[in-house]
Amino acid sequence: MVFLEILENIRKETSKILDSQKYDPVSFSVESAKPGFGDITCNVSFLLSKQLKKSPQEISKEISHLYDFDNIPQIKNVESHPSGYLNFNIDYTQFSKLVINSSLKENYGSLDIGHNEKIVVEHTSVNPNKALHVGHIRNVILGDIISKILRKGNFDVKILNYVDDSGLQVADIIIGFTELGFSQEPSENQKFDHYCGDTVYVKTTEKYETDKKLEEKRHEILKQIEDNSSNVSKMAQTITRKVLNEQLKTVWNLGVFYDCLNFESQIIHSKLWEKIFEKLKSENQIKYEEAGDNAGCWVIPAEGEDDKILVRSNGVATYIAKDIPYAAWKLGLVEDPFSYKIHSTQKNDQTLYETTLDEIPDHDGNKLNLSGNKVITVIDNRQIRLQKIVSGLMAKFKEEGAYTHLGYESVTLSADTVKSLGLSVDGESAQMSGRKGLYVNADTVLETLTKRVYDESKSRNENLSESELQNIANIVAVGTIRYEMIKPDLDKIITFDLKNSLRLEGDTCSYIQYSYARASRILEKTETKPNFDSGFELLSSEYEKNLIKKIAMFDVQVNDSVNNFSPKVIAKYSYELAVTFSSFYEHVKVLKSETPELLNARLCLVVSFQKTLKSSLGLLGIDAPERM
RNA sequence: GGACGCGUAGCUCAGCUGGAUAGAGCAUUAGCCUUCUAAGCUAACGGUCGAAGGUUCGAAUCCUUCCGCGUUCACCA
């Protein structure tokens with residue numbers, strides 16, 4: 001802890017003063033100030049104003065004389081601003097050394113917020129009948145980044161991917177294969193998930209328009225899929241797993257990995273639903289309707305809204321009856337019916353497990369305990385109603401907030417991008433649709449971007465080898481996708497535009513990565529090995545102090561990000577850190593420093609910046625290139 | 001129609017757990033490469049924070065109403 005600790009110390013000192021003056025306690029804030037108002041600011045005098053019947057200005061003037069900074073050597077003084085604020089100024093001779101040395105540590109910015117509590121994050125959960133498109137990518141990246149951030153806050157994070165292998169969407173492609181005669185082998189070297197989504201799924205649902213009998217067949221097929229002794233079910237298993245494997249390749253390319261895969265078909269066969277249904281009944285969380293529209297149904301009473309039917313009058317459970325047992329399982333509310341076996345080794349060498357109902361011999365994997373005290377489910381906001389019901393129910397079995405739905409707005413396509421797909425639109429943008437073939441595949445975006453970055457990099461660096469160029473292209477392309485997906489607020493719709501997404505200037509990932517590469521070049525070109533065992537009072541220009549302060553702010557941002565489940569905070573911080581460095585870079589010529597001491601101090605600062613930016617980008621799953 | 005969300009510069013957005021002068025990027029304009037990589041830097045231009053009320057010493061931020069846009073509201077999954 002660096003900055004957070006200083007803020008905390010000022011808070012304590014301020015409280016002490018209020019105490020000694022016998023003032024009633026007020027909940028004041030101590031936070032980083034905006035430029036021109038000192039370094040740290042406190043609003044306590046505004047809050048005391050009423051109590052003391054004095055103007056904030058008077059109060060801040062009085063209080064400002066009472067501070068004792070013996071215990072906070074990083075603070076030089078405090079000023080009472082005419083507006084009423086208390087503005088604290090940093091003593092950089094102390095501060096710089098603390099910040100630069102702290103930033104060298106491996107765990108710089110790590111905070112113990114979670115106390116190693118286990119938390120389950122579920123994300124991705126894409127139907128295994130098609131390839132991932134840009135909309136899914138928002139979910140995948142969001143889930144991945146929130147997991148990394150929670151780990152930084154000392155949570156023990158387990159990551160799950162729920163595979164809905166028994167829905168109607170799966171029935172649709174099965175119909176394509178069995179009724180419409182689509183080959184189970186894609187043509188040429190097309191990826192199987194692309195083939196199923198782009199061709200089989202789109203063509204089959206298109207056919208429903210003219211062939212109503214075919215559409216009726218879906219439910220028949222669905223029933224067979226759910227009966228795991230049927231041939232259709234076996235075929236569905238084969239196909240969905242093949243699609244899933246391709247989907248996994250896509251996310252691995254984006255640097256996303258999981259601990260375990262959960263299959264919906266297994267949830268259904270596990271009898272988890274029956275158990276949780278009894279639990280719901282015995283605890284009076286649901287009620288049986290004797291009369292009215294819902295006569296004969298079990299319903300969940302929802303406040304302010306219509307009751308949600310859980311079990312139909314014919315005794316068959318509705319869709320939500322799959323979500324509830326899964327949620328309960330994730331929270332460890334029911335006995336775990338699953339064993340665990342190895343699904344595959346992921347691209348990062350991490351083992352990926354999958355649930356199974358088969359009896360399997362003992363090994364490390366089948367003892368996995370994947371339930372958590374807290375659960376975060378990443379699903380887009382169109383499911384908010386359903387998720388509210390689930391989290392409401394879970395709150396009754398566990399404490400409030402145990403089950404969190406991390407929602408986000410959808411990704412739409414810009415009119416230009418829709419046109420480039422050969423389709424037409426009415427407005428400025430259009431919702432993606434798998435059935436209509438109205439989407440841009442994730443693989444396509446990554447390929448296009450990689451090519452774009454490769455060309456850019458090649459034109460700038462004639463002497464780089466092919467593999468270096470490929471590496472840069474990959475790092476920047478993945479980073480760009482990640483950054484663009486995480487930068488906007490969760491409740492803002494992202495309108496994806498193929499052309500616009502290729503931007504590499506301004507507030508983009510490549511700008512941030514570029515600042516890192518520039519720092520690398522400084523360190524590469526000097527003979528001096530930075531010696532950190534020295535004072536840093538020579539770093540006295542505004543550019544240097546701004547950079548030090550920005551580096552120091554890392555823990556504040558991590559804190560904010562963890563506590564609010566807000567990944568964009570880290571994205572914004574990474575950008576600001578890069579901006580601050582770029583300005584420093586332009587104005588302070590490190591390698592032309594006047595004295596060896598100054599050179600050393602500046603080199604240390606550059607190293608400190610690099611380490612911090614690397615950790616910050618690391619939380620976003622973005623690599624920092626040495627050259628680009 | 002009900003519920004939820006969004007509305008800030010020409011465009012895309014930050015700021016929203018109330019505070020000082022509402023910030024970035026893009027676009028436009030003007031400067032800066034005999035260079036620690038110009039994927040950059042320094043400026044200029046650009047705002048009735050959708051509208052009206054309210055709470056407050058103080059509102060882009062909280063509350064109410066209205067307007068515009070979006071999502072959602074099956075004994076489908």
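Computed from a predicted structure; not experimentally measured. We name chains A, B, ... by the order of the sequence lines, and we start the count at 1 in each one.
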In dot-bracket, 5' to 3', how would RNA chain B read with Watson-Crick or G-U wobble pairs under 3.5 Å, [ ] for crossing ones and | for pairs to another strand?
-> (((((((..((((.....[...)))).(((((.......))))).....(((((..]....))))))))))))....

Sub-3.5 Å pairs of nitrogen or oxygen atoms, protein against nucleotides 42-45 of chain B:
from: U42(B); atom 1: OP1; to: S583(A); atom 2: OG; distance (Å): 3.1

For the residue pair F277(A) and W273(A), does the interplanar ring angle fall in the parallel (under 30°), tilted (30 to 60°) or perpendicular (over 60°) class?
-> parallel

Keeping to residues at least two apart or across chains, list the side-chain hydrogen bond (donor to acceptor under 3.5 Å, both in side chains) pairs with something in residues 471-488 of chain A.
-> D144(A)-R482(A), Y483(A)-D507(A)

Listed partners of [X] passing side chain to side chain contact (heavy atoms under 4.5 Å, CB included), at least two apart:
X	value
H219(A)	L168(A)
D623(A)	I475(A)
V232(A)	I174(A), I221(A), Q224(A), I225(A), S230(A)

Indicate for each nucleotide in nucleotides 71-77 of chain B, in 5' to 3' sequence, whether protein heavy atoms under 4.0 Å reach the base (B), only the sugar-phosphate (S), or nothing (-).
-> SSS-BSB

Protein heavy-atom contacts under 4.0 Å, written 5' to 3' over nucleotides 6-16 of chain B as B (base), S (sugar-phosphate only) or - (none), form the string SS-----SSS-

Going by the salt bridge (charged side-chain N to carboxylate O under 4.0 Å, His left out) test, which pairs reach into residues 578-597 of chain A, not counting sequence neighbours?
-> R518(A)-E586(A)

Not counting sequence neighbours, which residues clear salt bridge (Lys or Arg N to Asp or Glu O under 4.0 Å) with K61(A)? List them please.
-> none

Could you tell me whether [X] contacts a base, only the sugar-phosphate backbone, or nothing, with contacts defined as non-hydrogen atoms closer than 4.0 Å?
X	answer
S29(A)	nothing
V588(A)	base
S49(A)	nothing
A519(A)	nothing

Which listed nucleotide (A38(B), C4(B), C57(B)) is nearest to the side chain of K50(A)?
-> C57(B)

Are the aromatic ring centres of Y511(A) and Y514(A) under 6.0 angstrom apart?
-> no

With Y403(A), which residues qualify under ring-ring contact (aromatic ring centres under 6.0 Å, His included), at least two apart?
-> none

Take atom C1' in G31(B) and the same atom in U71(B), then report the distance between them in whole Å.
-> 48 Å

Please write out the pairs of protein N or O atoms and N or O atoms of nucleotides 24-28 of chain B separated by less than 3.5 Å, giving the distance to one decimal.
from: A24(B); atom 1: O2'; to: Y575(A); atom 2: OH; distance (Å): 3.4
from: G25(B); atom 1: O2'; to: D507(A); atom 2: N; distance (Å): 3.4

Anti versus syn assignment for C13(B), with syn defined as within 90° of 0 = anti

Side chain of N87(A), base of A20(B): donor and acceptor closer than 3.5 Å?
-> yes

Would you tell me whether Q431(A) and S410(A) have side-chain atoms, one donor and one acceptor, within less than 3.5 Å of each other?
-> yes

